[in-house]
Amino acid sequence: MAIDNSFMIKKMEQFTSIYVLYSSYTHLPFIECDDETFDDQVYCFTTKEMTNTFAHPYILEKILLQAVEVPQAMMKRFFRSLYLYGVNAVMIQDEGAPVRVQLDQIAEKPDLEALQNEKIPKANPELQLTAIYFMQELMRPVERSMEDKKHLHDLEEEMAHNLLRSRFIITADVTKLDGPITKENISKAGVPLIKTKNDHVYQPVYTDFGEVEKFNHNNKGLKLQMLPITYDRLAGFLVAQAEGFAFNPGGFNLVLNRDQLKNMQLRYGETV
């Protein structure tokens, strides 16, 4: 039986702000698949106290969450951005029990297929969603049972299926280059690198244009060029200083070293 949530949808127009549960591991909205409806949903509340109360049992399970405030002026933009992560529903709690609202009831859905098929991809929701689920679980500091390990493997396999068939974006400062980025000249370009707390160095790569903007918004004055590239060609564009790639370093931040890049293809390539 369909639930009438029109009252909540109308009421949302009066909210001065909402608090959204974010994952401390991915720095993105915490996404959970509902056991009954199979909706990929995020959680929103009208007070920080309700957010923290809801998050408490998750935190006890080492699922670290935090409340992020979204003001009314940013709500439409926020809800529309959820499509890029494969989300299709929002659980909203104001007074009383949480109410599930389908995302397309509160935000216009973009043409995701068109955005994925552009030369420089602007969306990759399938990979974003499966990578977020995988990283949310992988980063939990817990001892895993055999069942938990199987669940983590299943999440990795779902992510790998999308990872291997996706196109990505590599960036480089081409100020010193005479032409576009190529496998032969990328080492001469100004390739941005990421250094971890343990002094490991990785080269960033992105699933879509939004992730490029998110990570490079402070890189002013650089002549950044974007190169669309498939997974099987990535290794050829990995510069010598880097140990591997950091996928969406401003988002789910999946890190694969040179061996892992190759092994991912060997393990899961036949399923793509």
| Contact check, side chains of Asn5 and Ile92, non-hydrogen atoms, under 4.5 Å | no

Can you give each donor-acceptor pair under 3.5 Å made by side-chain atoms of residues 56-66, sequence neighbours left out, with the distance rounded to 0.1 Å?
| unit_1 | atom_1 | unit_2 | atom_2 | d |
| --- | --- | --- | --- | --- |
| Tyr58 | OH | Glu32 | OE1 | 2.7 |
| Tyr58 | OH | Glu32 | OE2 | 3.3 |

| What do the steps show when you test Leu138 against Leu152 for side chain to side chain contact (heavy atoms under 4.5 Å, CB included), and what is the final call? | CA-CA 7 Å; Leu138 177 68; Leu152 183 63; 4.1 Å; yes

| request: Would you mind listing every salt bridge (Lys or Arg N to Asp or Glu O under 4.0 Å) that reaches into residues 176-195, with sequence neighbours excluded? | output: Lys195-Asp199

| message | Ignoring hydrogens, what is the shortest heavy-atom contact between Pro228 and Met226? Give both atom names and the distance. | response | CD-O, 3.9 Å

| said: I need the minimum non-hydrogen distance between Ala246 and Asn253, along with the two atoms involved. | reply: CB-OD1, 3.9 Å

| message | With heavy-atom distances below 4.5 Å as the criterion, would you say the side chains of Pro110 and Leu115 are in contact? | response | yes

| Can you tell me if Thr196 and Asn198 form a side-chain donor-acceptor pair at under 3.5 Å? | no

| field | Heavy-atom closest contact (Pro125 atom, Gly86 atom, distance) | value | CB-N, 3.7 Å

| said: Would a single hydrophobic cluster contain both Met139 and Met159, if residues Ile, Leu, Val, Met, Phe, Trp and Tyr are joined by side-chain heavy-atom contacts under 4.5 Å? | reply: yes

| field | Side-chain (Asp173) to main-chain (Lys223) donor-acceptor, under 3.5 angstrom | value | yes

| query | Mind checking whether Tyr202 and His200 have parallel, tilted or perpendicular rings, split at 30° and 60°? | reply | tilted

| query | Taking a hydrophobic cluster as the set of Ile, Leu, Val, Met, Phe, Trp and Tyr residues connected by side-chain heavy atoms closer than 4.5 Å, whether directly or through intermediates, do Val205 and Ile169 fall within one such cluster? | reply | no

| said: Show the nearest heavy-atom pair for residues Pro180 and Gln225, with the distance to one decimal. | reply: CA-OE1, 3.2 Å

| note | Scanning both residues in full, the closest heavy-atom pair of Ala242 with Arg258 reads O-NH2, 2.9 Å

| query | Applying the side-chain contact (heavy atoms from CB on, under 4.5 Å) test to Asp39, which of Val90, Asn88, Leu103 qualifies? | reply | Asn88

| note | Separation between CE (Met264) and CG (Leu256), nearest 0.5 Å, reads 5.0 Å

| task | State whether Lys11 and Glu95 are salt-bridged, where the test is any N-O pair (Lys NZ or Arg NE/NH1/NH2 against Asp/Glu carboxylate O) under 4.0 Å. | result | yes

| request: May I ask whether Val68 and Ile18 are part of the same hydrophobic cluster, defined by side-chain heavy atoms of I, L, V, M, F, W, Y residues being less than 4.5 angstrom apart, directly or through others? | output: yes

| query | Among pairs that include at least one residue of residues 105-114, which meet salt bridge (Lys or Arg N to Asp or Glu O under 4.0 Å), considering only residues two or more places apart or in two chains? | reply | none

| request: Could you go through the side chain to side chain contact (heavy atoms under 4.5 Å, CB included) check for Lys10 and Phe7 one step at a time? | output: CA-CA 5 Å; Lys10 187 68 177 176; Phe7 177 76; 5.8 Å; no

| task | Evaluate the side-chain proximity of Gln241 to Val191: yes if any heavy-atom separation is below 4.5 Å, no if none is. | result | no

| Out of curiosity, Thr47 OG1 to Glu69 CD, how far, rounded to the nearest 0.5 Å? | 11.0 Å

| What pairs with Glu137 under salt bridge (charged side-chain N to carboxylate O under 4.0 Å, His left out), at least two apart in sequence or on another chain? | Arg140, Arg144

| message | Under the criterion side chain to side chain contact (heavy atoms under 4.5 Å, CB included), I'd like the reasoning laid out for Asp104 against Tyr83: C-alpha separation, chi angles, the key distance, then a yes or no. | response | CA-CA 9 Å; Asp104 60 10; Tyr83 285 110; 3.4 Å; yes

| field | Nearest non-hydrogen partners of Tyr206 and Asn248, listed with the distance | value | CA-OD1, 3.3 Å

| said: Taking the side chain as everything from C-beta on, heavy atoms only, tell me whether Leu21 gets closer than 4.5 Å to Phe45. | reply: yes

| request: Begin from the C-alpha positions of Tyr85 and Thr26 and carry the test side chain to side chain contact (heavy atoms under 4.5 Å, CB included) through to its verdict. | output: CA-CA 12 Å; Tyr85 304 125; Thr26 66; over 6 Å; no

| said: In this structure, would Leu164 and Ile229 fall into the same cluster of hydrophobic residues linked by side-chain contacts under 4.5 Å? | reply: yes

| Approximate separation, where rounding is to 0.5 Å, of Leu234 CG and Gln265 CD | 9.0 Å

| What pairs with Phe168 under ring-ring contact (aromatic ring centres under 6.0 Å, His included), at least two apart in sequence or on another chain? | Phe247

| field | Straight-line distance of Cys44 SG to Met91 CE, nearest 0.5 Å | value | 10.5 Å

| request: Please check if Leu193 and Phe215 belong to a single hydrophobic cluster, counting links between Ile, Leu, Val, Met, Phe, Trp and Tyr side chain heavy atoms closer than 4.5 Å. | output: no

| task | Answer yes or no: is there a donor N or O on one side and an acceptor on the other, between the side chain of Arg167 and the main chain of Glu118, under 3.5 Å? | result | yes

Between side-chain atoms of residues 128-135 and protein atoms elsewhere (two or more places apart, or another chain), which donor-acceptor pairs fall under 3.5 Å?
| unit_1 | atom_1 | unit_2 | atom_2 | d |
| --- | --- | --- | --- | --- |
| Gln128 | NE2 | Thr207 | OG1 | 3.4 |
| Gln128 | NE2 | Asp208 | OD2 | 3.2 |
| Gln128 | NE2 | Glu211 | OE2 | 3.1 |
| Thr130 | OG1 | Glu126 | O | 2.9 |
| Thr130 | OG1 | Leu127 | O | 3.3 |
| Thr130 | OG1 | Asn162 | ND2 | 3.3 |
| Tyr133 | OH | Cys33 | N | 3.1 |
| Tyr133 | OH | Asp40 | OD1 | 2.7 |

| Under the 3.5 angstrom rule, does the side chain of Gln136 hit a backbone N or O of Ile31 as a donor-acceptor pair? | yes

| note | One should read off an interatomic distance between Asp94 CG and Thr46 OG1, to the nearest 0.5 angstrom, of 4.0 Å

| task | Identify the residue among Glu156, Glu157, His161 that makes a side-chain hydrogen bond (donor to acceptor under 3.5 Å, both in side chains) with Tyr268. | result | Glu156

| request: Could you tell me the separation between the CZ atom of Phe78 and the CD1 atom of Ile106, rounded to the nearest 0.5 Å? | output: 9.0 Å

